[in-house]
Amino acid sequence: MNTSSHFHSLEELIRALGRERKLLDGLFQDRKRLSFRYDLARELAAKKDESLEFLRRFGVIRDNGDFIELEDVYLKFFEDVLEVNEEINVASVKESIGSLNAAIDYYQNEFDPKRKYGYLNDVKRILKNISLTTLRNVIDLKRNIDNTYKNEPNFAIKIKKLEHLDKKRKDIAALINECEKVINEKQYTFFIEAMDVQLKEIVIDVKLQLKEVYHNLLELDRQIIHYLSLIEYQSLLFEKVQKLKYLRDQMLLDTNTDIKAKMAVRNPVWMEPRPRYTLKVSLSMLRTSDIGLKILQDVAKGKGNDRLRKGNLADPFTEDELKEQQHVLQMVDVHEVKNAFMASGDNLFHFVMNYSGYRKQMTEEEKLVLFCQIAAQYLDNLSISEEYRCHNGIEYPLIYPKIA
């Protein structure tokens with residue numbers, strides 16, 4: 001009988017797990033079912049029988065009849081790190097709260113500064129662990145709720161699993177409340193006395209994290225209620241279908257139910273397109289008959305097949321259309337009008353409205369726009385007085401060229 005051993009260093013553990021990574025990956029992938037027989041595990045092991053004996057002796061794998069499986073400690077480690085574990089570990093949070101109270105009690109009764117500081121670090125570490133574990137539990141809980149509803153085929157078991165997960169949700173909520181009471185009420189004196197910058201930041205982060213987790217638990221409560229309602233509806237529908245199937249098998253469906261009358265008033269496929277069943281032409285007929293030859297000729301010419309027809313072409317361009325054409329756009333040169341205004345001595349509005357040197361016919365509205373453009377662009381060269389004039393109901397200031 002071989003005695004069990006243990007790894008003496010982290011380097012030895014990592015080296016052993018790395019060497020047997022193919023076997024460990026296969027065992028982890030098939031952890032939900034007993035399918036790893038000894039001969040299959042032997043093929044994946046790096047050193048065949050020697051590797052299996054080594055892993056068995058160091059507590060990494062174990063025998064289960066004719067099968068091989070991972071030990072629980074390594075299985076749980078892989079599931080926790082990869083965040084695929086299905087078991088909601090509420091007990092660890094409860095134990096952490098107990099450890100937190102114990103570490104606070106040790107701190108308060110210790111007089112040696114060095115050991116007192118060690119207990120304070122324990123409190124900080126446990127608080128972080130509570131926050132992280134609670135968050136992981138909620139993530140695992142949500143994943144398990146979704147998986148249970150979507151993948152469990154048995155309605156009765158599905159309901160029991162969801163009710164069990166709902167109890168886990170309530171346990172997590174109770175532990176969150178207990179942790180908040182420890183911080184805010186039961187150990188209030190400690191957190192006032194021992195509060196330093198690092199502990200203050202940790203406490204704030206833990207409170208915010210627990211608050212966010214609690215809100216997620218409320219959402220999970222609503223989701224569980226919704227899933228249970230859907231399961232009840234699906235269960236009733238399944239029972240009704242089973243009854244209809246039984247009546248059909250007994251040839252009592254038409255006489256014991258009004259299913260024909262119900263189906264007569266329903267037309268669930270009225271929006272579906274009418275099916276078209278095309279018949280393929282025989283190859284021998286195409287080769288040997290005159291009709292087949294005509295069909296091939298028509299296809300070659302594109303008759304009866306829009307996809308084979310040559311697209312309609314536009315008429316070619318004429319010589320006049322290909323010649324270069326110029327289009328002159330009539331525009332007003334604002335700078336030219338401004339220079340003429342500066343030499344006129346008139347006020348800007350009167351000048352713009354009565355100027356005759358425009359290169360195109362200007363409407364009154366376009367002249368008003370030109371007046372605003374000159375006033376805005378050349379403000380430094382203009383002198384604006386406080387006097388106003390009225391033109392067709394529009395008041396405008398008197399603007400003159402600035403005298404140098």
Side-chain angles (χ1 to χ4, degrees), residues 21-22 25-37 39-40 43-44 82 84 143 145-155 157-158 223 226-227 229-330:
R21 58 184 177 274
K22 290 185 178 179
D25 180 66
L27 290 171
F28 184 75
Q29 294 293 337
D30 286 357
R31 66 190 183 279
K32 296 300 179 184
R33 60 184 186 273
L34 288 176
S35 63
F36 245 83
R37 293 186 174 275
D39 53 351
L40 179 59
E43 291 181 5
L44 293 176
L82 298 175
V84 294
R143 184 176 61 253
I145 290 173
D146 292 336
N147 290 340
T148 299
Y149 175 74
K150 296 175 182 177
N151 301 324
E152 177 55 54
N154 188 298
F155 285 117
I157 296 178
K158 184 182 292 189
Q223 188 174 5
H226 177 63
Y227 280 165
S229 301
L230 289 177
I231 292 170
E232 183 178 1
Y233 169 76
Q234 293 166 356
S235 179
L236 293 174
L237 184 63
F238 182 71
E239 291 178 5
K240 189 174 292 186
V241 172
Q242 281 185 319
K243 291 179 181 178
L244 290 174
K245 184 178 183 303
Y246 172 77
L247 292 173
R248 190 199 65 177
D249 294 341
Q250 298 298 319
M251 299 183 181
L252 299 173
L253 187 62
D254 295 339
T255 57
N256 289 20
T257 67
D258 59 345
I259 187 169
K260 284 190 174 181
K262 295 291 186 183
M263 297 300 295
V265 298
R266 293 179 178 271
N267 188 17
V269 294
W270 67 274
M271 293 186 66
E272 290 190 4
R274 180 177 297 178
R276 298 179 61 185
Y277 303 101
T278 58
L279 298 177
K280 295 183 178 180
V281 182
S282 170
L283 293 178
S284 61
M285 188 271 287
L286 291 175
R287 292 194 190 102
T288 59
S289 65
D290 295 336
I291 298 177
L293 179 60
K294 187 176 184 306
I295 291 174
L296 293 176
Q297 290 173 348
D298 291 342
V299 170
K301 295 178 180 178
K303 292 182 179 180
N305 193 336
D306 294 337
R307 291 179 298 174
L308 298 178
R309 289 179 184 172
K310 195 173 183 180
N312 295 327
L313 298 178
D315 296 331
F317 286 108
T318 63
E319 293 184 2
D320 293 337
E321 290 174 334
L322 293 175
K323 290 181 180 179
E324 183 179 356
Q325 299 181 5
Q326 294 183 352
H327 180 71
V328 179
L329 182 63
Q330 298 292 335

Indicate the ring-plane relationship of Y227 and Y149, choosing parallel, tilted or perpendicular according to the 30° and 60° boundaries.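 Ring orientation of Y227 relative to Y149: parallel.
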
Please check if the number of heavy atoms outside [X] that lie under 6.0 Å from its [atom1] is greater than 12.
X: L236; atom1: CG; result: yes
X: N151; atom1: CG; result: yes
X: Q234; atom1: CD; result: yes

Could you tell me whether the side chain of D258 and the main chain of A261 form a donor-acceptor pair under 3.5 Å?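 No; zero donor-acceptor contacts below 3.5 Å.
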
Side chain of D25, backbone of R21: donor and acceptor closer than 3.5 Å?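 Such a contact is absent between D25 side chain and R21 backbone.
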
Pair K245 + D249: basic N to acidic O under 4.0 Å: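 Looking at K245 and D249, the cut-off is met.
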
Roughly how far apart are [X] [atom1] and [Y] [atom2], rounded to 0.5 Å?
X: L247; Y: T255; atom1: CG; atom2: OG1; value: 8.0 Å
X: E239; Y: Q242; atom1: CD; atom2: CD; value: 7.0 Å
X: L230; Y: K158; atom1: CG; atom2: NZ; value: 9.5 Å

Taking every non-hydrogen atom, the tightest pair across N154 and E152: N-OE2, 3.2 Å

Where do Q223 and D146 come nearest, in terms of heavy atoms and distance? NE2-OD1, 2.7 Å

Under 4.5 Å between any side-chain heavy atoms of T257 and K262, yes or no? no

Kindly list each side-chain donor-acceptor pair under 3.5 angstrom involving residues 282-289, sequence neighbours excluded, with atom names and distances?
from: S282; atom 1: OG; to: S284; atom 2: N; distance (Å): 3.4
from: S282; atom 1: OG; to: S284; atom 2: OG; distance (Å): 2.9
from: T288; atom 1: OG1; to: S284; atom 2: O; distance (Å): 2.7
from: S289; atom 1: OG; to: M285; atom 2: O; distance (Å): 2.5
from: S289; atom 1: OG; to: G292; atom 2: N; distance (Å): 3.1

